[in-house]
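Per chain, numbering begins at 1; letters A, B, ... match sequence-line order. From a predicted model like this one, the values you see are computed outputs, not experimental measurements.
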Amino acid sequence: MTGKASLLGSFSSATNRPAPAAILNEPNFMATVTEGIAQKHESDEQCWSRLMVNAQAGNESDYRQLLTELTDVIYSFLRSRFGNHHFIEDCVQETLIAIHQARHTYDRHRPFRPWLFAIVRHKAIDTLRMQRTRQKVTRQYQGEQEILSRTSQKSEAEGEVIKGRLLELLSAQHREVLVLTKIIGFSIAETAEKLNISESLVKVRTHRAIRKLKQMMEADTL
Amino acid sequence: MNKHDTLISNLSHNLAPVAPPPNINRLALTWFLLSAIYVVAVTNLFGPIRPGAVSQLGTEPRFLLESILGVAAILWTSLLAFRSAVPAALSKQFVVAGMVLMALWLAQYVIGFVSPALEPSRLGKRDYCYLETLVYALPVILIGLLLVRRLYPINPVRTGMSIGLVAGMLPALYMQLACMYEPAHILAFHILPGLLMVAVGAGIAAKWKMRRSDSDQQ
């Protein structure tokens with residue numbers, strides 16, 4: 001036995017645990033992990049359902065706890081699909097407000113997750129569509145715009161913005177107009193100038209990109 | 001405290017209890033039944049139905065099938081409309097089944113050009129059947145939209161279209177008994193005005209959606 005192997009062997013026996021590689025090779029390992037995730041989902045589901053039912057009855061602390069927990073879940077859901085940028089902030093806020101407005105429609109006999117994510121998906125597209133004016137976002141994202149104004153670094157900045165997997169699935173033409181108009185916040189005219197295309201083409205591409213995103217969001221399974 | 005914490009604390013502060021959600025299928029069924037009763041009552045109030053129309057339901061199996069398909073399609077669309085007003089309550093299969101039923105029903109009239117369910121005749125013709133279809137549908141649309149507005153339709157225009165379709169098709173279907181039977185007449189003077197109500201429903205819902213987003217922004 002070599003020194004390294006004997007060291008590993010003594011470590012394993014000292015802790016009474018198999019080596020990490022051995023754990024991964026164990027046939028039941030993945031099944032156990034999957035089962036664990038499923039159990040976690042189930043316990044979240046029950047917990048959120050209970051908290052929402054209490055919230056419907058007017059329980060403030062349960063409602064606060066529910067919204068706090070959901071904020072993280074919504075964040076990670078949106079980040080994985082759209083990447084990490086300011087639009088997510090707006091979207092989480094809009095979704096929390098939508099959950100508040102729709103809380104009377106949650107039925108305890110139905111699962112909570114589909115109800116929640118139907119609202120999240122809808123609000124994500126809605127928020128994206130509403131990102132109209134540059135003024136609103138320029139103040140928060142001057143840094144991004146400065147980078148984009150320098151042609152040499154444009155693709156680098158766009159690369160940062162489009163890390164979400166749904167945006168990556170869009171065609172390059174759709175993605176660039178969507179990123180420039182809705183995420184970075186350029187006006188239609190500015191986008192047209194940057195891409196060297198007509199304003200009406202920018203509008204058409206943006207509309208189609210949002211429609212495509214909406215279809216992908218609807219087909220998206222958790 | 002970040003802005004999400006502030007928002008959460010604002011939303012949960014003085015949280016008002018909300019009524020438990022209604023049974024969505026029961027609500028849709030009630031709206032459908034009351035609307036059907038209203039359509040039958042108001043149609044009879046403004047003119048007699050075609051002589052012998054009810055007995056034809058018993059003697060002519062294809063006419064009965066056509067009417068049953070109509071009722072089933074409209075009832076299914078009512079359920080679909082109300083389900084679309086609750087997040088995640090409507091499945092794609094449910095929508096497809098509704099569309100298939102509606103297409104099957106309307107296909108009966110197209111088939112009727114070649115082989116009508118009843119012998120075409122002008123017996124029982126109402127002078128303003130197309131106007132009656134439009135006018136009788138309006139209160140049904142408005143009540144339907146008022147009901148779904150209290151829920152949370154994720155796509156209000158689509159919900160409005162479904163409500164409009166039900167509202168338009170109810171009088172259109174009853175005109176099958178109340179007015180003359182002739183497939184071309186049914187399609188042009190009953191079904192077409194009924195389908196127009198889809199646009200009316202969508203229009204009202206779009207206007208309401210715009211007003212809602214304006215108030216959200218304020």
Side-chain angles (χ1 to χ4, degrees), chain A residues 51-72 74-75 88-90 92-123 125-127 129-130 132 136 214 218-219 222, chain B residues 1-28 79 81-96 147-159 206 208-218:
Chain A
L51 291 173
M52 182 51 103
V53 170
N54 292 346
Q56 286 174 333
N59 188 322
E60 287 182 23
S61 63
D62 278 4
Y63 192 47
R64 200 173 300 121
Q65 187 192 337
L66 175 70
L67 292 182
T68 309
E69 285 185 23
L70 293 185
T71 302
D72 296 336
I74 298 165
Y75 250 122
I88 301 296
E89 284 281 331
D90 292 349
V92 172
Q93 295 241 350
E94 291 290 330
T95 309
L96 289 176
I97 294 169
I99 289 170
H100 182 72
Q101 289 169 338
R103 69 188 192 282
H104 65 290
T105 63
Y106 173 66
D107 183 349
R108 68 169 76 192
H109 303 297
R110 290 180 189 273
F112 186 84
R113 275 176 175 269
W115 179 86
L116 169 70
F117 287 108
I119 295 174
V120 176
R121 285 189 196 102
H122 161 67
K123 275 325 232 188
I125 296 298
D126 216 31
T127 312
R129 201 176 273 149
M130 291 299 189
R132 265 186 234 142
K136 190 183 161 199
K214 193 179 175 191
E218 279 169 3
L222 295 171
Chain B
M1 199 183 234
N2 67 29
K3 61 179 182 177
H4 292 310
D5 291 337
T6 315
L7 176 66
I8 290 171
S9 118
N10 285 340
L11 292 177
S12 53
H13 182 63
N14 284 338
L15 184 69
V18 288
N23 181 321
I24 205 72
N25 292 334
R26 201 177 300 156
L27 187 65
L79 294 170
F82 276 76
R83 283 183 179 208
S84 73
V86 172
L90 183 64
S91 67
K92 266 187 188 157
Q93 292 88 330
F94 201 89
V95 177
V96 171
L147 288 172
V148 293
R149 198 183 169 165
R150 297 174 68 178
L151 302 167
Y152 191 84
I154 273 180
N155 192 335
V157 174
R158 213 177 287 172
T159 304
W208 150 46
K209 186 187 172 186
M210 275 161 60
R211 285 176 66 184
R212 191 174 71 172
S213 29
D214 285 350
S215 62
D216 283 354
Q217 279 170 9
Q218 285 162 13

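Atom CZ of residue A:Arg103 and atom OH of residue B:Tyr152 lie 12.5 Å apart, to the nearest 0.5 angstrom. Here the CG-CD1 distance, from A:Asp126 to B:Ile154, works out to 10.0 Å after rounding to the nearest 0.5 Å. Between the NE2 atom in A:His104 and the CG atom in B:Leu151 there is a gap of 5.5 Å [rounded to 0.5 Å].
Only the side chain of B:Leu7 comes within contact range of chain A, judged by heavy atoms closer than 4.5 Å. For a residue to count as touching a neighbouring chain, one of its non-hydrogen atoms must lie under 4.5 Å from one of that chain's; by this rule A:Thr71 touches chain B with the side chain only. In this structure, the portions of B:Asn14 lying under 4.5 Å from any heavy atom of chain A include both its backbone and its side chain. Only the side chain of A:His100 comes within contact range of chain B, with heavy atoms under 4.5 Å apart.
Comparing B:Ala85, B:Ala89, B:Pro22 by heavy-atom pairs within less than 4.5 Å of chain A, the highest count is held by B:Ala89. Interface summary for chain A: among B:Asn10, B:Val18, B:Asn155, the most heavy-atom pairs under 4.5 angstrom belong to B:Val18. Highest contact tally toward chain B, considering only A:Ala102, A:Pro111, A:Ser61, is held by A:Ala102 [criterion: heavy-atom pairs under 4.5 Å]. The choice from A:Asp62, A:Ile99, A:Val53, A:Thr105 that makes the most heavy-atom pairs within less than 4.5 Å of chain B is A:Thr105.
At a cut-off of 3.5 Å, with distance as the only test, a side-chain donor of A:Tyr75 or B:His4 sits close to an acceptor on the other residue.
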For the pair B:Ile8 and A:Leu96, evaluate side chain to side chain contact (heavy atoms under 4.5 Å, CB included) and give the outcome as yes or no after the intermediate values. CA-CA 8 Å; B:Ile8 290 171; A:Leu96 289 176; 4.1 Å; yes
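Contact annotation: the side chain of B:Pro21 approaches that of A:Gln56 to within less than 4.5 Å [non-hydrogen atoms, C-beta and beyond]. B:Ile24 is listed as a side-chain neighbour of A:Arg110, based on a closest heavy-atom distance under 4.5 Å.
Every side chain to side chain donor-acceptor pair (under 3.5 Å) that A:Arg64 has, sequence neighbours left out, goes to B:Ser12. The side-chain contact (heavy atoms from CB on, under 4.5 Å) check on B:Asn25 picks up B:Asn23, B:Leu79, B:Arg83, with sequence neighbours excluded.
The minimum heavy-atom distance between A:Ala118 and B:Pro87, with the atom names listed, is CB-CB, 4.0 Å.
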